[in-house]
Amino acid sequence: MQSEKSREEEEVHRFQFLIHSLPRVSAPLLLAITISAFDNLTIPNNQVFLCYSHFSSHSQSRLLSGISLYLNCGNMANLALTGILEKMTGKDKDYRYMATSDLLNELSKATFKADADLEVKLTNIIIQQLDDAAGDVSGLAVKCLAPLVRKVSEVRVVEMTSKLCDKLLNGKDQHRDIASIALKTVVAEVSTQSLAQSILQTLTPQLIKGITGPGMGSEIKCESLDILCDVLHKFGNLMAADHELLLSSLLSQLSSNQASVRKKTVACIASLSSSLSDDLLAKATVEVVSNLKNKVTKSEMIRTNIQMIGALSRAVGYRFGPHLGDTVPVLINYCTNASENDEELREYSLQALESFLLRCPRDISVYCDEILHLTLEYLSYDPNFTDNMEEDTDDEGLEEEEDDESANEYTDDEDVSWKVRRAAAKCLAALIVSRPEILSKLYDEACPKLIDRFKEREENVKMDVFNTFIELLRQTGNVTKGQIDANEMRQGANPFPSKLFYDSPRWLLKQEVSKIVKSINRQLREKSIKTKVGAFSVLKELVVVLPNCLADHIGSLIPGIEKALNDKSSTSNLKIEALTFTRLVLSSHSPDVFHPYIKALSAPVLSAVGERYYKVTAEALRVCGELVRVVRPNIEGSGFDFRPYVQPIYNGIMSRLINQDQDQEVKECAISCMGLIVSTFGDHLNAELPACLPVLVDRMGNEITRLTAVKAFAVIAASPLRVDLSCVLEHVVAELTAFLRKANRALRQATLGTLNSLIVAYGDKIVLSAYEVIIVELSGLISDSDLHMTALALELCCTLMGDKRSNQSIGLAVRNKVLPQALTLIKSSLLQGQALLALQNFFAALVYSANTSFDSLLESLLACAKPSPQSGGIAKQALHSIAQCVAVLCLAAGDQKCSSTVKMLTDILKDDSSSNSAKQHLALLCLGEIGRRKDLSTHDHIENIVIESFQSPFEEIKSAASYALGNIAVGNLPKYLPFILDQIDNQQKKQYLLLHSLKEVIVRQSVDKAEFQESSVEKILNLLFNHCESEEEGVRNVVAECLGKIALIEPVKLVPALKVRTTSPAAFTRATVVIAVKYSIVERPEKIDEIIYPEISSFLMLIKDNDRHVRRAAVLALSTFAHNKPNLIKGLLPDLLPLLYDQTIVKQELIRTVDLGPFKHIVDDGLELRKAAFECVDTLLDSCLDQVNPSSFIVPYLKSGLDDHYDVKMPCHLILSKLADKCPSAVLAVLDSLVDPLQKTINFKPKQDAVKQEVDRNEDMIRSALRAIASLNRISGGDCSVKFKNLMNEISKSQTLWDKYYSIRNE
């Protein structure tokens, strides 16, 4: 009471203060203040008028004016609504309809606000209107409910809900439907938790009464179940107190005699189950399973309970896993023992098993074999039909006969066995998608059966069989993506063990190709369009997964393609599928395979070019492009006479090219195709070129088609035919030059490439003045902000300078415009790759063109290395770039200039003043780059001059000297390699630097495929093996890299030597030899692959070594194998993976505490090993997905990593994102357990005194976790996890987290 009184007094004071300000405000503001006062103040009226009596007369009159305005406004709104409400109760149906429509408009206004009395009137009259005899009026009244629920108080909404429930349960039959729709509308519009809870108190008992109450008809039950399903789906979590009552009420309805009630009950329990506790879910499952086990249960009840099982698993996902032990055997038993006529029972059982496979992949594993055999048995289940046809044949002469047979096939409208076959096909597809690890087994057992079932007589089932087979092909593509079968490549020379080879899914698929083609050809002769589309879809996927697999079968496929394109009954969809397959097969097979069939293939394709539907035309034009390449694969001649096809192809494409009134996709395809035609057949189209080329130039002037036209001219310019472009060349060059100024990056890139090709091919026909204009435009494109564009621009510049006709004016233009940009670019720390190579070529071209003096260029380059006062020092990468350009410049200038430059550089090294360190650093790098390219042995004692720099106090100079010595040795191995080896033996203090020099020599030799002398190899190996046990990790790493690179050159000698040392008692030696193997495994095929294959386990099994350094070395080596040569290790993975997973666990014995006096520091020696192990798993997911069992890895290993150190969490987030994309069902199975560590990560706050580095690192960690969460959110079925839904709600409520999540989601 005391608090209420004090609040009242405070309100009075506020009101007094408000009114005292009235004399000073304008009329509009007066109205606003008064409205605010009366709407928001809760003080009694007597207090207001008590305040009023104390005001001056002027203030009193102002207040009365405000009150008058306020009341008038309210009256005006109320008057309008009163008129509407009166009309709504009128006798005229049209008046009622218009009035209800007006009310809907008023309610939909954002400014609408009703007082308590008006709310009562509105709710009563809208509820009354629901019973209106006119259906359109009651329909509008239902629409009024949606905005009304949002605008009126909670009490009114609850009141409306109660009245609607009464109408539903006790009202007239004709009003029940509209009451049901109205209740669903109210439920859909409830947006606040408090309102939801208020409504549920009224609604839940009434709905339970409607479902279980005595005397309730099936219609009332169905409507109540429908509404309850919506309520549970939206507010199931808020109804926890009623869950048990609801579950009991609903389970009782599963035995209802009405099929419609049972069906809706199944949906309702499924909606409820997603928010049930594990105990109640178990109760529901136990009751349903006990009903199934009860032998006296009626067959229709059994079907309902089986549907219930399937619906439960779809709703709760992985939470159903613990109950599979009870349910799966029962379902399999029913499926196999059901009576012959009970197809629905089998169908529902297979559907439930399909759901288990997708939702509970880990728990279903033990039943996969049984399910596979079951699906294969019922895939051909057709008790009413016996296929007595003789062995099928591909003889086209039987085409008509087969058509007649298919037309007279057995049909029976009462036969529903097709539902069982369809369910079996979908269940098998679920097995294929969720179990990549049993792919080889599926090829042995399921693939032949699927191919055989292509003959399925029911079209819808046939489509599902096709889709299941496509899933098998896609899964094969997924698990072998990016892999070139190294075993297949080497079959002749040194084949890998047969088990590895013959178990490969790709090899197993190859063995089935002829059967697939034979069966598909039969389908292509069917009359059904849908069947043919499905058949082409299978062929498309086959060619994508296994390119070049149809070389022996092209002839048999051509009739099917012809028929699909020529048949008048063919739809656009069929033609597109047939053309797409034709394009894929043309592009993935050798041209000579098609030469016997060009005549048969070209006519229907060219006919399709003239189709009216643009998608067919566009695809036909793409096929024509491939056809052109096939018809004339090389200009020299292939023994095939292509000439008869030149004119028909040209005429067909030209008719499309000149047509302006067509879709953009068709225009672009016609331009690209014409470019290919001119470049391939140009020597046979001399008469047509003057008509064709101007059209292509015209398309360059159109903003929509210009990019495609530019690319077409690039193709023409690159043609070895040197097509005559004289009629358009000048115009094309001018247009292209102008494009260099455009903002469109793709257009500028294409333009640079096209100009380069044109100048190489037609430079002698282009006026020199055009070169100068191009050079001016090029200067603006050279920048480190776009290195790809820079490389293209510099390459074009080199081409221009390389033209024999280039004169001094062009050289001057390059020096004035391009050279300053190049000298700026060379200072960039970002410069690398193609751009750096292009820059080197640019400087060489400047010297070769004799337009720029070598000395001035060298001086400019060396000047770039001088640190400027504004920008500070030069980046290390920039110094390397300058050194490489200096080396290229020297070689281009000739021996004399090169020698004088080397002398100048050695003189800089002899000057040992400390102020000269920057110059010495650059001089050493330059000497190394020059020495690598040219023998410097003519310069006496250069090696001693360089090695003197090892004494420098500056680390960067010592490192540069090591680099220089190694590269100088590359230029003359016989002289300098013995020197380096001798120094390593005699100079203990300089060993680390000298080993780096040796590494430069060895790495360069391995790249250049050069070989050492026998004596040198022996000496190098002895030296390296002696340093394997070095205490310094840096020395061991250099030794390992040297050994690995020598192994590439001398694998026969090195592999046994490395293997022997895997059993060395010294841990550092064992670690070093494993790292050496890691360096020897590169992406390209090498001699070492065949030699090391039998010995891999000797190295990788060191993953279980006692020493952590050795274990980490083995993990790193495994990661390299997985990335570069996955086929070499696939056979070992079953043994290696458990050992690898064990390395991801935190081991307490590797955690130690270091006493630092004032405080103690915890050191985790196993951190680097765990990080390496998770990164290795990440790599394996890309290359060996079929070998990794995600379900056994996610829990406990990945779950543990998500809650580990920062360095471990980052790769774990990447793994989780990858698994969510590739194995969503495995992630869904344990989603709840992954939420807590992710939630902990995104909510972590650094300490108040945390340094900026820690804060930034935490931000990176949060973004990484959110990226993983975004991947999880994309999984279909993720909403089964209540924990994950709560996490997403938490993110959406935090503005900071939501902004980060939103930006990541849109990346």
Side-chain angles (χ1 to χ4, degrees), residues 119-120 123-124 126-131 138 141-142 144-146 148-149 152-254 256 258 260-273 275-276 280:
E119 281 186 5
V120 174
T123 52
N124 287 338
I126 287 174
I127 296 292
Q128 181 186 323
Q129 288 293 90
L130 292 174
D131 297 338
S138 59
V142 171
C144 288
L145 279 172
L148 188 67
V149 170
V152 299
S153 61
E154 283 187 15
V155 179
R156 298 283 84 78
V157 179
V158 173
E159 191 180 290
M160 279 195 297
T161 306
S162 181
K163 289 179 180 178
L164 288 169
C165 285
D166 185 57
K167 280 179 183 288
L168 178 71
L169 302 181
N170 307 314
K172 297 178 181 177
D173 289 351
Q174 63 266 34
H175 297 151
R176 192 172 295 125
D177 283 350
I178 203 76
S180 173
I181 296 168
L183 271 171
K184 288 177 184 175
T185 304
V186 171
V187 169
E189 292 300 324
V190 173
S191 56
T192 63
Q193 190 169 323
S194 61
L195 176 56
Q197 286 170 332
S198 302
I199 284 180
L200 290 173
Q201 287 175 5
T202 305
L203 190 57
T204 307
Q206 296 277 28
L207 291 176
I208 292 174
K209 181 183 173 184
I211 294 166
T212 60
M216 293 294 174
S218 61
E219 285 187 21
I220 294 176
K221 285 186 177 184
C222 286
E223 296 292 359
S224 299
L225 286 164
D226 253 352
I227 296 162
L228 182 58
C229 192
D230 286 357
V231 170
L232 289 168
H233 188 71
K234 193 167 184 183
F235 306 117
N237 293 331
L238 301 177
M239 304 168 72
D242 298 317
H243 278 175
E244 193 162 3
L245 176 60
L246 283 164
L247 184 61
S248 301
S249 304
L250 290 169
L251 286 171
S252 67
Q253 298 305 306
L254 287 176
S256 169
Q258 295 291 327
S260 57
V261 173
R262 296 199 304 273
K263 184 177 179 182
K264 290 185 183 293
T265 302
V266 167
C268 216
I269 294 176
S271 290
L272 172 64
S273 61
S275 52
L276 283 179
L280 287 176

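Keep in mind that the numbers below use all heavy atoms, side chains included, and drop hydrogens, waters and symmetry copies. Fair warning: this is a prediction, and the values are worked out from it, not measured in the lab.
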Participant: Evaluate side chain to side chain contact (heavy atoms under 4.5 Å, CB included) for M160 paired with L145, printing each intermediate quantity in order.
Facilitator: CA-CA 9 Å; M160 279 195 297; L145 279 172; 3.7 Å; yes
Participant: What residues, two or more places apart in sequence or in another chain, satisfy salt bridge (charged side-chain N to carboxylate O under 4.0 Å, His left out) together with E219?
Facilitator: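 Here the qualifying residues are R176.
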Participant: Rounded to the nearest 0.5 Å, what separates atom CG in L228 from atom CD1 in I208?
Facilitator: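 Result: 7.5 Å between the selected atoms.
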Participant: Do S252 and T212 have side-chain heavy atoms sitting under 4.5 Å apart?
Facilitator: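 Side-chain contact under 4.5 Å: yes.
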Participant: Is there any side-chain hydrogen bond (donor to acceptor under 3.5 Å, both in side chains) pair reaching into residues 197-211, and which pairs are they, with sequence neighbours excluded?
Facilitator: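 side-chain hydrogen bond (donor to acceptor under 3.5 Å, both in side chains) check on residues 197-211 returns E154-S198.
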Participant: Restricting to non-hydrogen atoms, name the atom on L247 and the atom on L280 that form the minimum distance, rounded to 0.1 Å.
Facilitator: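 Smallest interatomic distance, heavy atoms only, reads CD2-O, 3.5 Å.
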Participant: Can you see which heavy atom on C229 is nearest to which on A267, and at what distance?
Facilitator: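 So the minimum-distance heavy-atom pair works out to SG-O, 3.7 Å.
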Participant: Go through the structure and list residues passing side-chain hydrogen bond (donor to acceptor under 3.5 Å, both in side chains) with S218, not counting sequence neighbours.
Facilitator: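 S218 satisfies side-chain hydrogen bond (donor to acceptor under 3.5 Å, both in side chains) with no other residue.
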Participant: Got a sec, which residues hit side-chain hydrogen bond (donor to acceptor under 3.5 Å, both in side chains) with T185, two or more places apart in sequence or on another chain?
Facilitator: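 Listed in chain order: nothing, the list is empty.
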Participant: Could you pull out all residues at least two apart from D131 that satisfy side-chain contact (heavy atoms from CB on, under 4.5 Å)?
Facilitator: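 Checked D131 against side-chain contact (heavy atoms from CB on, under 4.5 Å); matches are K167, H175.
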Participant: Does K184 have any salt bridge (charged side-chain N to carboxylate O under 4.0 Å, His left out) partners at least two apart in sequence or in another chain, and if so, which?
Facilitator: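 Partners of K184 by the salt bridge (charged side-chain N to carboxylate O under 4.0 Å, His left out) criterion, ordered by chain and then number, come out as D226.
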Participant: Please identify each residue that fulfils side-chain contact (heavy atoms from CB on, under 4.5 Å) with E159, with sequence neighbours left out.
Facilitator: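 T123, N124, R156, K163.
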Participant: Are F235 and V190 packed together at the side-chain level, in the sense that at least one heavy-atom pair is separated by less than 4.5 angstrom?
Facilitator: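 Counting from C-beta outward, F235 and V190 do come under 4.5 Å.
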Participant: Which pairs count as salt bridge (charged side-chain N to carboxylate O under 4.0 Å, His left out) when at least one residue sits in residues 190-201, sequence neighbours excluded?
Facilitator: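 As it turns out, there is no salt bridge (charged side-chain N to carboxylate O under 4.0 Å, His left out) pair with a partner in residues 190-201 once direct neighbours are skipped.
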Participant: Looking only at heavy atoms, which two atoms of V157 and V149 are closest? And how far apart?
Facilitator: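 Heavy atoms of V157 and V149 come nearest at CG2-O, 3.9 Å.
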Participant: Apply side-chain hydrogen bond (donor to acceptor under 3.5 Å, both in side chains) to Q258 and list each qualifying residue two or more places apart in sequence or on a separate chain.
Facilitator: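 Applying side-chain hydrogen bond (donor to acceptor under 3.5 Å, both in side chains) to Q258 gives none.
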Participant: Looking at residues at least two apart in the chain, or sitting in another chain, which of them share a side-chain contact (heavy atoms from CB on, under 4.5 Å) with I178?
Facilitator: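 Scan of I178 (side-chain contact (heavy atoms from CB on, under 4.5 Å), adjacent residues dropped) gives L130, S138, V142.
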Participant: With side chains defined as the heavy atoms from C-beta onward, is the minimum distance between L250 and L225 less than 4.5 Å?
Facilitator: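 When only atoms from C-beta onward are counted, L225 and L250 do touch, with a gap below 4.5 Å.
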Participant: Do L183 and L203 have side-chain heavy atoms sitting under 4.5 Å apart?
Facilitator: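 Sidechains of L203 and L183: in contact.
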Participant: What's the separation between atom CG in L164 and atom CD1 in I181, rounded to the nearest 0.5 Å?
Facilitator: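 Those atoms lie 11.5 Å apart.
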Participant: Considering all heavy atoms of both residues, which atom of Q129 and which atom of A141 are nearest to each other, and what is their separation?
Facilitator: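 Looking at all heavy atoms of both residues, the closest pair is CB-CB, 3.6 Å.
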Participant: Quiz question: by atom type and distance under 3.5 Å, do the side chains of E223 and S180 form a donor-acceptor pair?
Facilitator: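 Side chains of E223 and S180: pair found under 3.5 Å.
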Participant: To the nearest 0.5 Å, what is the distance between CG (L148) and CD1 (I126)?
Facilitator: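 Reported to 0.5 Å precision, the distance equals 4.5 Å.
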Participant: Please check this pair: side chain of K221 against backbone of M216, looking for a donor-acceptor N/O pair closer than 3.5 Å.
Facilitator: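 Answer holds: no.
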Participant: Could you walk me through whether L232 and S275 pass the side chain to side chain contact (heavy atoms under 4.5 Å, CB included) check?
Facilitator: CA-CA 8 Å; L232 289 168; S275 52; 5.6 Å; no
Participant: For D166, enumerate each residue passing the side-chain hydrogen bond (donor to acceptor under 3.5 Å, both in side chains) test, keeping only those at least two apart in sequence or located in another chain.
Facilitator: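 For D166 the side-chain hydrogen bond (donor to acceptor under 3.5 Å, both in side chains) partners, ignoring immediate neighbours, are N170.
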Participant: What distance separates C222 SG from I227 CD1, expressed to the nearest 0.5 Å?
Facilitator: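 Going from SG on C222 over to CD1 on I227, the span is 11.5 Å.
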Participant: To the nearest 0.5 angstrom, please state how far the CD1 atom of I199 sits from the OG atom of S162.
Facilitator: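 Going from the CD1 atom of I199 to the OG atom of S162 covers 11.0 Å.
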Participant: What is the distance from atom OG of S224 to atom CG of L168, rounded to the nearest 0.5 Å?
Facilitator: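 Reported value, rounded in 0.5 Å steps: 4.5 Å.
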Participant: Pairs under 3.5 angstrom only: tabulate donor-acceptor contacts from the side chains of residues 237-244 to other protein residues two or more places apart or in another chain.
Facilitator:
residue: H243; atom: NE2; partner: G236; partner atom: O; Å: 2.8

